[in-house]
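This report concerns only the one structure given below.
Excluded from the calculations below are hydrogen atoms, water molecules and symmetry mates; all remaining heavy atoms, backbone and side chain alike, are included. Chain naming here is simple, since letters A, B, ... match the order of the sequence lines and numbering starts at 1 in each.
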Amino acid sequence: MLMKWHRLHNSRQMPWKGEKDPYKIWLSEIILQQTRVEQGLAYYNRFIQHYPTIQQLAAAPDQEVLKLWEGLGYYSRCRNLLLTARRIVKEYKGLFPRDYETLLSLKGVGPYTAAAIASFAYNQPYAVVDGNVFRVLSRFFGLDTAIDTLPGKKLFTGLADEVLDKQYPALFNQAIMDFGATVCKPMAPACIDCPARKDCAAFLTGNVNRLPVKEKTLQRKHRWFYYFIFEHRGNWLVNQRNQRDIWQGLFEFYLLETEAACEWNDKKVMEWLHDQYGIADALLVNISSVQTQQLTHQQIRGQFIELKLSSKPDFLKSYQWQPKNRLKELPFPRFITQFLEEHASIGS
DNA sequence: AATCCGGGGCA
DNA sequence: TGCCCAGGATT
(Lines give C-alpha, C1' and ligand atoms only; values in the text may rest on other atoms or scores of the structure.)
Protein backbone atom coordinates (compact mmCIF):
# COMPACT_ATOMS: atom_id res chain seq x y z
CA MET A 1 0.00 0.00 0.00
CA LEU A 2 2.67 2.48 1.06
CA MET A 3 4.83 1.77 -1.95
CA LYS A 4 1.91 2.24 -4.30
CA TRP A 5 0.95 5.49 -2.62
CA HIS A 6 4.56 6.61 -2.87
CA ARG A 7 4.68 5.83 -6.57
CA LEU A 8 1.36 7.37 -7.49
CA HIS A 9 0.54 10.14 -5.06
CA ASN A 10 3.73 11.33 -3.47
CA SER A 11 5.00 14.52 -5.00
CA ARG A 12 7.22 15.71 -2.21
CA GLN A 13 10.47 16.93 -3.73
CA MET A 14 13.67 17.36 -1.80
CA PRO A 15 17.23 17.83 -3.05
CA TRP A 16 18.56 14.85 -1.08
CA LYS A 17 15.87 12.47 -2.33
CA GLY A 18 17.31 9.69 -4.40
CA GLU A 19 20.74 10.95 -3.40
CA LYS A 20 23.34 8.21 -3.11
CA ASP A 21 26.28 10.23 -1.83
CA PRO A 22 26.45 9.23 1.86
CA TYR A 23 27.99 12.62 2.73
CA LYS A 24 24.97 14.47 1.44
CA ILE A 25 22.55 12.03 3.02
CA TRP A 26 24.32 12.26 6.37
CA LEU A 27 24.38 16.06 6.21
CA SER A 28 20.69 16.28 5.37
CA GLU A 29 19.77 13.87 8.15
CA ILE A 30 21.72 15.77 10.79
CA ILE A 31 20.12 19.04 9.71
CA LEU A 32 16.67 17.49 9.76
CA GLN A 33 16.88 16.07 13.28
CA GLN A 34 13.91 17.59 15.13
CA THR A 35 13.66 20.09 12.30
CA ARG A 36 11.03 20.56 9.63
CA VAL A 37 12.05 20.00 6.05
CA GLU A 38 10.98 23.54 5.13
CA GLN A 39 13.19 24.98 7.85
CA GLY A 40 16.24 22.83 7.09
CA LEU A 41 16.17 23.12 3.31
CA ALA A 42 17.94 26.48 3.03
CA TYR A 43 20.62 25.37 5.48
CA TYR A 44 21.24 22.18 3.51
CA ASN A 45 21.68 24.10 0.28
CA ARG A 46 24.01 26.55 1.94
CA PHE A 47 26.15 23.80 3.44
CA ILE A 48 26.42 21.91 0.15
CA GLN A 49 27.33 25.13 -1.61
CA HIS A 50 30.08 25.94 0.91
CA TYR A 51 31.29 22.40 1.44
CA PRO A 52 30.58 20.18 -1.60
CA THR A 53 32.71 17.40 -0.11
CA ILE A 54 33.34 16.06 3.35
CA GLN A 55 37.00 17.05 3.01
CA GLN A 56 36.02 20.68 2.59
CA LEU A 57 33.70 20.53 5.59
CA ALA A 58 36.36 18.87 7.71
CA ALA A 59 38.88 21.57 6.79
CA ALA A 60 36.59 24.48 7.65
CA PRO A 61 37.12 26.56 10.80
CA ASP A 62 34.70 25.83 13.66
CA GLN A 63 33.38 29.34 13.83
CA GLU A 64 32.68 29.56 10.11
CA VAL A 65 30.61 26.39 10.26
CA LEU A 66 28.77 27.45 13.39
CA LYS A 67 27.95 30.74 11.66
CA LEU A 68 26.36 28.78 8.80
CA TRP A 69 24.35 26.84 11.38
CA GLU A 70 23.29 30.03 13.17
CA GLY A 71 19.56 30.13 13.82
CA LEU A 72 18.93 26.44 13.25
CA GLY A 73 19.12 25.45 16.91
CA TYR A 74 20.40 22.37 18.73
CA TYR A 75 23.96 23.54 18.19
CA SER A 76 25.53 20.33 19.47
CA ARG A 77 24.50 18.90 16.10
CA CYS A 78 26.88 21.31 14.43
CA ARG A 79 29.76 20.53 16.77
CA ASN A 80 29.22 16.80 16.24
CA LEU A 81 28.95 17.35 12.49
CA LEU A 82 32.48 18.73 12.44
CA LEU A 83 33.83 16.07 14.80
CA THR A 84 32.46 13.34 12.57
CA ALA A 85 33.56 14.95 9.31
CA ARG A 86 37.11 15.24 10.61
CA ARG A 87 37.08 11.69 11.97
CA ILE A 88 35.91 10.28 8.65
CA VAL A 89 38.58 12.18 6.74
CA LYS A 90 41.35 11.11 9.11
CA GLU A 91 40.29 7.63 10.09
CA TYR A 92 38.45 6.44 6.97
CA LYS A 93 40.35 8.43 4.35
CA GLY A 94 37.22 10.40 3.59
CA LEU A 95 35.18 7.31 2.75
CA PHE A 96 31.91 7.10 4.63
CA PRO A 97 31.46 3.86 6.61
CA ARG A 98 28.75 1.48 5.38
CA ASP A 99 28.36 -0.75 8.39
CA TYR A 100 25.36 0.09 10.62
CA GLU A 101 27.27 -0.39 13.88
CA THR A 102 30.11 1.81 12.66
CA LEU A 103 27.64 4.46 11.58
CA LEU A 104 26.14 4.35 15.08
CA SER A 105 29.55 5.03 16.58
CA LEU A 106 29.75 8.40 14.82
CA LYS A 107 29.05 11.44 16.99
CA GLY A 108 25.60 12.81 16.34
CA VAL A 109 24.46 9.63 14.60
CA GLY A 110 21.85 7.65 16.52
CA PRO A 111 19.56 4.78 15.52
CA TYR A 112 17.44 6.90 13.23
CA THR A 113 20.30 8.54 11.32
CA ALA A 114 22.30 5.31 11.06
CA ALA A 115 19.28 3.55 9.55
CA ALA A 116 18.67 6.45 7.21
CA ILE A 117 22.23 6.40 5.88
CA ALA A 118 22.39 2.60 5.67
CA SER A 119 19.13 2.41 3.74
CA PHE A 120 19.26 5.51 1.55
CA ALA A 121 22.92 5.31 0.59
CA TYR A 122 23.48 1.56 0.54
CA ASN A 123 19.97 0.11 0.42
CA GLN A 124 20.55 -1.95 3.55
CA PRO A 125 17.41 -3.26 5.31
CA TYR A 126 17.30 -0.95 8.34
CA ALA A 127 14.00 0.68 9.22
CA VAL A 128 13.99 4.36 10.10
CA VAL A 129 11.99 5.21 13.21
CA ASP A 130 11.32 8.92 13.43
CA GLY A 131 8.35 10.94 14.59
CA ASN A 132 6.48 10.14 11.39
CA VAL A 133 6.97 6.41 11.76
CA PHE A 134 5.89 6.39 15.42
CA ARG A 135 2.71 8.18 14.42
CA VAL A 136 1.85 6.06 11.38
CA LEU A 137 2.44 2.79 13.19
CA SER A 138 0.64 3.71 16.39
CA ARG A 139 -2.39 4.82 14.42
CA PHE A 140 -2.46 2.03 11.87
CA PHE A 141 -2.11 -0.67 14.51
CA GLY A 142 -4.09 1.25 17.13
CA LEU A 143 -1.37 1.04 19.78
CA ASP A 144 -1.49 3.41 22.74
CA THR A 145 1.85 2.48 24.25
CA ALA A 146 3.52 5.80 24.96
CA ILE A 147 6.17 6.53 22.35
CA ASP A 148 8.39 8.44 24.79
CA THR A 149 9.04 5.41 27.00
CA LEU A 150 11.46 2.54 26.56
CA PRO A 151 8.70 -0.06 26.03
CA GLY A 152 7.17 2.22 23.41
CA LYS A 153 10.46 2.70 21.58
CA LYS A 154 11.07 -1.05 21.59
CA LEU A 155 7.56 -1.86 20.42
CA PHE A 156 7.55 0.56 17.50
CA THR A 157 11.14 -0.14 16.49
CA GLY A 158 10.34 -3.85 16.31
CA LEU A 159 7.18 -3.14 14.37
CA ALA A 160 9.03 -0.90 11.93
CA ASP A 161 11.52 -3.70 11.28
CA GLU A 162 8.65 -6.13 10.64
CA VAL A 163 6.79 -3.97 8.17
CA LEU A 164 9.92 -2.78 6.34
CA ASP A 165 10.04 -3.88 2.72
CA LYS A 166 13.35 -5.72 2.86
CA GLN A 167 13.66 -5.66 -0.90
CA TYR A 168 13.31 -1.90 -1.24
CA PRO A 169 14.34 -0.45 2.12
CA ALA A 170 15.30 2.96 0.74
CA LEU A 171 12.02 3.41 -1.10
CA PHE A 172 9.99 2.09 1.80
CA ASN A 173 11.66 4.34 4.38
CA GLN A 174 11.14 7.30 2.10
CA ALA A 175 7.52 6.35 1.56
CA ILE A 176 6.52 5.92 5.20
CA MET A 177 8.07 9.24 6.22
CA ASP A 178 6.49 11.15 3.35
CA PHE A 179 3.18 9.49 4.11
CA GLY A 180 3.40 10.54 7.76
CA ALA A 181 4.35 14.09 6.80
CA THR A 182 1.66 14.66 4.18
CA VAL A 183 -1.27 12.32 4.94
CA CYS A 184 -1.00 10.87 8.43
CA LYS A 185 -0.11 14.29 9.84
CA PRO A 186 0.06 15.13 13.56
CA MET A 187 -2.88 17.48 13.40
CA ALA A 188 -5.76 17.37 10.96
CA PRO A 189 -4.63 14.17 9.25
CA ALA A 190 -6.06 13.63 5.76
CA CYS A 191 -7.91 10.43 6.59
CA ILE A 192 -10.44 11.23 3.90
CA ASP A 193 -7.73 10.79 1.26
CA CYS A 194 -5.94 7.98 3.05
CA PRO A 195 -5.61 4.77 1.05
CA ALA A 196 -5.14 2.79 4.28
CA ARG A 197 -8.16 3.95 6.20
CA LYS A 198 -10.16 0.77 5.78
CA ASP A 199 -7.33 -1.11 7.51
CA CYS A 200 -6.37 1.61 9.99
CA ALA A 201 -7.25 0.60 13.55
CA ALA A 202 -7.30 4.18 14.79
CA PHE A 203 -9.57 5.32 11.98
CA LEU A 204 -11.97 2.43 12.45
CA THR A 205 -12.27 3.12 16.19
CA GLY A 206 -12.21 6.91 15.95
CA ASN A 207 -8.94 7.24 17.82
CA VAL A 208 -6.86 8.96 15.17
CA ASN A 209 -6.61 12.21 17.08
CA ARG A 210 -5.60 10.49 20.32
CA LEU A 211 -2.63 8.65 18.85
CA PRO A 212 0.24 8.48 19.28
CA VAL A 213 0.32 8.74 23.07
CA LYS A 214 3.01 10.69 24.84
CA GLU A 215 3.50 10.41 28.56
CA LYS A 216 5.72 13.26 29.55
CA THR A 217 4.61 16.85 29.58
CA LEU A 218 7.50 19.22 29.54
CA GLN A 219 7.58 22.13 31.89
CA ARG A 220 9.01 25.42 30.87
CA LYS A 221 11.73 27.22 32.75
CA HIS A 222 11.60 31.00 32.88
CA ARG A 223 14.80 32.98 32.65
CA TRP A 224 15.64 36.68 32.50
CA PHE A 225 18.63 37.71 30.37
CA TYR A 226 19.86 41.27 30.66
CA TYR A 227 22.48 41.97 28.04
CA PHE A 228 24.79 44.92 28.55
CA ILE A 229 26.16 45.98 25.20
CA PHE A 230 29.40 47.77 25.99
CA GLU A 231 30.93 49.81 23.20
CA HIS A 232 34.35 51.37 23.37
CA ARG A 233 35.62 53.29 20.34
CA GLY A 234 33.77 51.15 17.82
CA ASN A 235 34.52 47.87 19.57
CA TRP A 236 31.92 45.70 21.21
CA LEU A 237 32.40 43.44 24.21
CA VAL A 238 31.45 39.86 23.39
CA ASN A 239 31.82 36.49 25.06
CA GLN A 240 31.66 32.95 23.74
CA ARG A 241 29.33 30.72 25.72
CA ASN A 242 30.94 27.53 26.90
CA GLN A 243 29.01 26.58 30.02
CA ARG A 244 26.84 23.50 30.01
CA ASP A 245 23.79 25.44 29.01
CA ILE A 246 21.90 26.55 25.96
CA TRP A 247 23.72 28.13 23.02
CA GLN A 248 27.07 26.50 23.68
CA GLY A 249 29.72 27.89 21.35
CA LEU A 250 27.65 30.89 20.35
CA PHE A 251 28.54 34.47 21.19
CA GLU A 252 26.72 36.95 23.37
CA PHE A 253 27.21 40.27 25.09
CA TYR A 254 27.84 40.80 28.77
CA LEU A 255 25.06 38.84 30.44
CA LEU A 256 23.37 39.41 33.75
CA GLU A 257 20.92 36.60 34.38
CA THR A 258 18.35 36.91 37.13
CA GLU A 259 15.56 34.71 38.42
CA ALA A 260 13.11 37.54 38.68
CA ALA A 261 12.46 40.49 36.43
CA CYS A 262 14.45 43.67 36.99
CA GLU A 263 13.15 47.19 36.61
CA TRP A 264 15.93 48.98 34.80
CA ASN A 265 16.05 52.73 34.41
CA ASP A 266 18.86 55.20 33.76
CA LYS A 267 19.63 55.65 37.42
CA LYS A 268 19.64 51.95 38.27
CA VAL A 269 21.90 51.09 35.35
CA MET A 270 24.46 53.71 36.35
CA GLU A 271 24.33 52.65 39.98
CA TRP A 272 24.75 48.99 39.07
CA LEU A 273 27.78 49.77 36.87
CA HIS A 274 29.39 51.76 39.62
CA ASP A 275 28.69 49.31 42.44
CA GLN A 276 29.61 46.25 40.41
CA TYR A 277 32.63 47.44 38.45
CA GLY A 278 33.39 50.96 39.58
CA ILE A 279 32.46 52.34 36.18
CA ALA A 280 31.61 56.01 36.27
CA ASP A 281 32.33 57.09 32.70
CA ALA A 282 29.56 55.19 30.91
CA LEU A 283 27.09 56.84 28.59
CA LEU A 284 23.74 55.10 28.57
CA VAL A 285 22.57 54.97 24.96
CA ASN A 286 19.39 52.95 25.22
CA ILE A 287 17.41 50.47 27.28
CA SER A 288 15.40 48.26 24.96
CA SER A 289 11.88 47.05 25.52
CA VAL A 290 11.46 43.55 26.91
CA GLN A 291 12.33 40.93 24.28
CA THR A 292 11.12 37.35 24.44
CA GLN A 293 12.24 34.08 22.90
CA GLN A 294 10.32 30.88 23.22
CA LEU A 295 12.43 27.74 23.30
CA THR A 296 11.01 24.27 23.64
CA HIS A 297 11.62 24.07 27.36
CA GLN A 298 12.68 27.56 28.32
CA GLN A 299 11.18 30.96 27.99
CA ILE A 300 13.82 33.66 27.71
CA ARG A 301 12.86 37.22 28.44
CA GLY A 302 15.16 40.16 28.79
CA GLN A 303 16.43 43.53 27.70
CA PHE A 304 19.40 44.99 25.91
CA ILE A 305 21.16 47.87 27.62
CA GLU A 306 23.44 49.80 25.27
CA LEU A 307 26.35 51.68 26.77
CA LYS A 308 29.32 53.64 25.49
CA LEU A 309 32.50 53.65 27.53
CA SER A 310 35.13 56.36 27.22
CA SER A 311 37.84 54.19 28.73
CA LYS A 312 38.47 50.52 28.32
CA PRO A 313 37.83 48.75 31.62
CA ASP A 314 40.33 46.14 32.72
CA PHE A 315 37.77 43.70 34.06
CA LEU A 316 36.18 40.78 32.20
CA LYS A 317 39.46 39.33 31.01
CA SER A 318 37.85 36.37 29.30
CA TYR A 319 35.73 38.63 27.11
CA GLN A 320 36.79 39.94 23.70
CA TRP A 321 36.50 43.37 22.15
CA GLN A 322 35.36 43.01 18.56
CA PRO A 323 35.12 45.75 15.95
CA LYS A 324 31.76 46.27 14.30
CA ASN A 325 32.69 44.66 10.99
CA ARG A 326 33.81 41.47 12.76
CA LEU A 327 30.61 41.25 14.76
CA LYS A 328 28.60 39.87 11.87
CA GLU A 329 31.02 37.01 11.37
CA LEU A 330 30.23 35.66 14.82
CA PRO A 331 27.38 33.23 15.46
CA PHE A 332 24.79 34.58 17.86
CA PRO A 333 21.63 32.99 19.24
CA ARG A 334 18.32 34.06 17.74
CA PHE A 335 17.45 36.08 20.82
CA ILE A 336 20.36 38.37 20.01
CA THR A 337 20.30 38.42 16.19
CA GLN A 338 16.63 39.29 16.30
CA PHE A 339 17.39 42.29 18.45
CA LEU A 340 20.35 43.33 16.29
CA GLU A 341 18.29 43.13 13.13
CA GLU A 342 15.83 45.58 14.58
CA HIS A 343 18.58 47.95 15.64
CA ALA A 344 20.54 48.62 12.49
CA SER A 345 22.89 51.00 14.29
CA ILE A 346 24.55 48.02 15.94
CA GLY A 347 23.64 45.13 13.72
CA SER A 348 24.67 45.99 10.20
C1' DA B 1 15.29 6.29 32.94
C1' DA B 2 15.29 11.12 33.04
C1' DT B 3 16.96 15.49 31.41
C1' DC B 4 18.78 18.62 28.35
C1' DC B 5 19.37 20.79 23.90
C1' DG B 6 16.60 25.70 19.56
C1' DG B 7 13.82 27.59 16.71
C1' DG B 8 9.79 27.93 13.76
C1' DG B 9 5.01 26.93 12.33
C1' DC B 10 0.41 26.02 13.31
C1' DA B 11 -4.32 25.54 15.53
C1' DT C 1 -0.30 28.72 24.61
C1' DG C 2 0.74 23.80 23.61
C1' DC C 3 2.34 20.60 20.35
C1' DC C 4 5.32 18.93 16.85
C1' DC C 5 9.23 18.53 13.82
C1' DA C 6 13.54 13.03 9.01
C1' DG C 7 16.71 12.77 17.38
C1' DG C 8 20.88 12.30 20.11
C1' DA C 9 24.03 12.93 24.09
C1' DT C 10 24.63 13.04 28.83
C1' DT C 11 23.83 11.96 33.60
Decide if atom NZ of A:Lys198 counts as having more than 12 heavy atoms of other residues, nucleotides or ligands within a radius under 6.0 Å. no
Any donor-acceptor N or O pair under 3.5 Å, side chains A:Arg220, A:Gln299: no
Rounding to an integer number of angstrom, what distance separates C:dC4 and B:dC5 when you compare their C1' atoms? 16 Å
Looking across every strand, which nucleic acid part, if any, lies under 4.0 Å from A:Leu72 by heavy atom: base, sugar-phosphate, or nothing? base
Can you name the side chain to side chain contact (heavy atoms under 4.5 Å, CB included) partners of A:Gln243, sequence neighbours left out? A:Arg241, A:Asp245
Integer-rounded Å distance: C:dT1 C1' and A:Arg220 CZ: 8 Å
Looking across every strand, which nucleic acid part, if any, lies under 4.0 Å from A:Trp16 by heavy atom: base, sugar-phosphate, or nothing? base
Categorize A:Gln338 for me: base, sugar-phosphate, or nothing, with a 4.0 angstrom heavy-atom threshold over every strand shown. nothing
Assuming nearest nucleotide by heavy-atom distance, tell me which of A:Ala188 and A:Leu150 is located more 5' along DNA chain B. A:Leu150
For A:Tyr227 and A:Glu252, test the side chains for any donor-to-acceptor distance below 3.5 angstrom and give the result as yes or no. yes
Excluding sequence neighbours, so at least two apart, what forms side chain to side chain contact (heavy atoms under 4.5 Å, CB included) with A:Asp193? A:Ala190
Mind calculating the distance between CZ (A:Phe134) and P (C:dC5) to the nearest angstrom? 10 Å
Could you state the atom-to-atom distance from CD1 of A:Ile176 to C1' of C:dA6 in whole Å? 12 Å
With respect to A:Phe228, which candidate in A:Trp264, A:Tyr319, A:Phe304 satisfies the ring-ring contact (aromatic ring centres under 6.0 Å, His included) definition? A:Trp264
Within 45 degrees of the axis of the six-membered ring of A:Tyr43 and under 6.0 Å from its centre: does A:Arg46 put its NZ or CZ there? yes
Along DNA chain B (nearest heavy atom to each residue), the more 5'-positioned of A:Lys216 and A:Trp247: A:Lys216
A:Lys214/A:Asp148 under salt bridge (charged side-chain N to carboxylate O under 4.0 Å, His left out): CA gap, chis, key distance, verdict: CA-CA 6 Å; A:Lys214 273 196 179 176; A:Asp148 55 352; over 6 Å; no
I'd like to know if the side chain of A:Tyr112 pairs up with that of A:Gln33 as donor and acceptor (distance under 3.5 Å, no hydrogens or angles considered). no
Which value, in whole Å, describes the distance between the C1' atoms of nucleotides C:dG8 and B:dG9? 23 Å
In whole angstroms, how far is the C1' atom of C:dG2 from the CG atom of A:Asn209? 15 Å
Range on DNA chain B touched by chain A, heavy atoms, distance below 4.0 Å: B:dA1 to B:dG9
Test side-chain contact (heavy atoms from CB on, under 4.5 Å) applied to A:Ser119 and A:Asn173, A:Leu164, A:Leu171, the passing residue: A:Asn173
Give the rounded distance in Å between these two atoms: NE2 of A:His297 and C1' of C:dC4. 14 Å
Would you jot down, in residue-number order, the residues of residues 36-43 of chain A having a non-hydrogen atom under 4.0 Å from DNA chain C? A:Arg36, A:Val37
For A:Gly180, which contact category applies under a 4.0 Å heavy-atom criterion: base, sugar-phosphate, or nothing? nothing
Does a sphere of radius 6.0 Å around NZ in A:Lys308 hold more than 12 heavy atoms from other residues, nucleotides or ligands, not counting ones at 6.0 Å or beyond? no
Expected list for residues 275-287 of chain A: side-chain donor-acceptor pairs under 3.5 angstrom, two or more places apart:
from     : atom 1 : to       : atom 2 : distance (Å)
A:Tyr277 : OH     : A:Tyr254 : OH     : 2.6
A:Asp281 : OD2    : A:Ser310 : OG     : 2.8
A:Asp281 : OD2    : A:Ser311 : N      : 3.0
A:Asp281 : OD2    : A:Ser311 : OG     : 2.7
A:Asn286 : ND2    : A:Glu306 : OE2    : 3.4

What's the CD-P distance between A:Gln299 and C:dC3, to the nearest Å? 15 Å
In whole angstroms, how far is the P atom of C:dG8 from the CD1 atom of A:Ile30? 7 Å
Side chains of A:Arg79 and A:Ser76: is there a donor and an acceptor less than 3.5 Å apart? no
Taking 4.0 Å as the cut-off, does a side-chain nitrogen or oxygen of A:Gln33 come that near to OP1 or OP2 on C:dG7? no
Residue met sooner reading DNA chain C from 5', once A:Asn80 and A:Met14 are mapped to nucleotides: A:Met14
Inter-nucleotide C1' distance (B:dG6, C:dC3), Å rounded: 15 Å
Going by heavy atoms closer than 4.0 Å, what residues in residues 95-130 of chain A are next to DNA chain B? none
For A:Asp178, answer base if it contacts any base atom (sugar-phosphate contacts may also be present), sugar-phosphate if it contacts only those atoms, and nothing otherwise; contact means non-hydrogen atoms under 4.0 Å. base
Any base atoms under 4.0 Å from A:Asp245, or only sugar-phosphate, or nothing? Heavy atoms, all strands. sugar-phosphate
Let me know the distance between CD of A:Glu29 and C1' of C:dG7, rounded to the nearest Å. 11 Å
With heavy atoms under 4.0 Å as the rule, sort A:Ser76 into base, sugar-phosphate or nothing. nothing
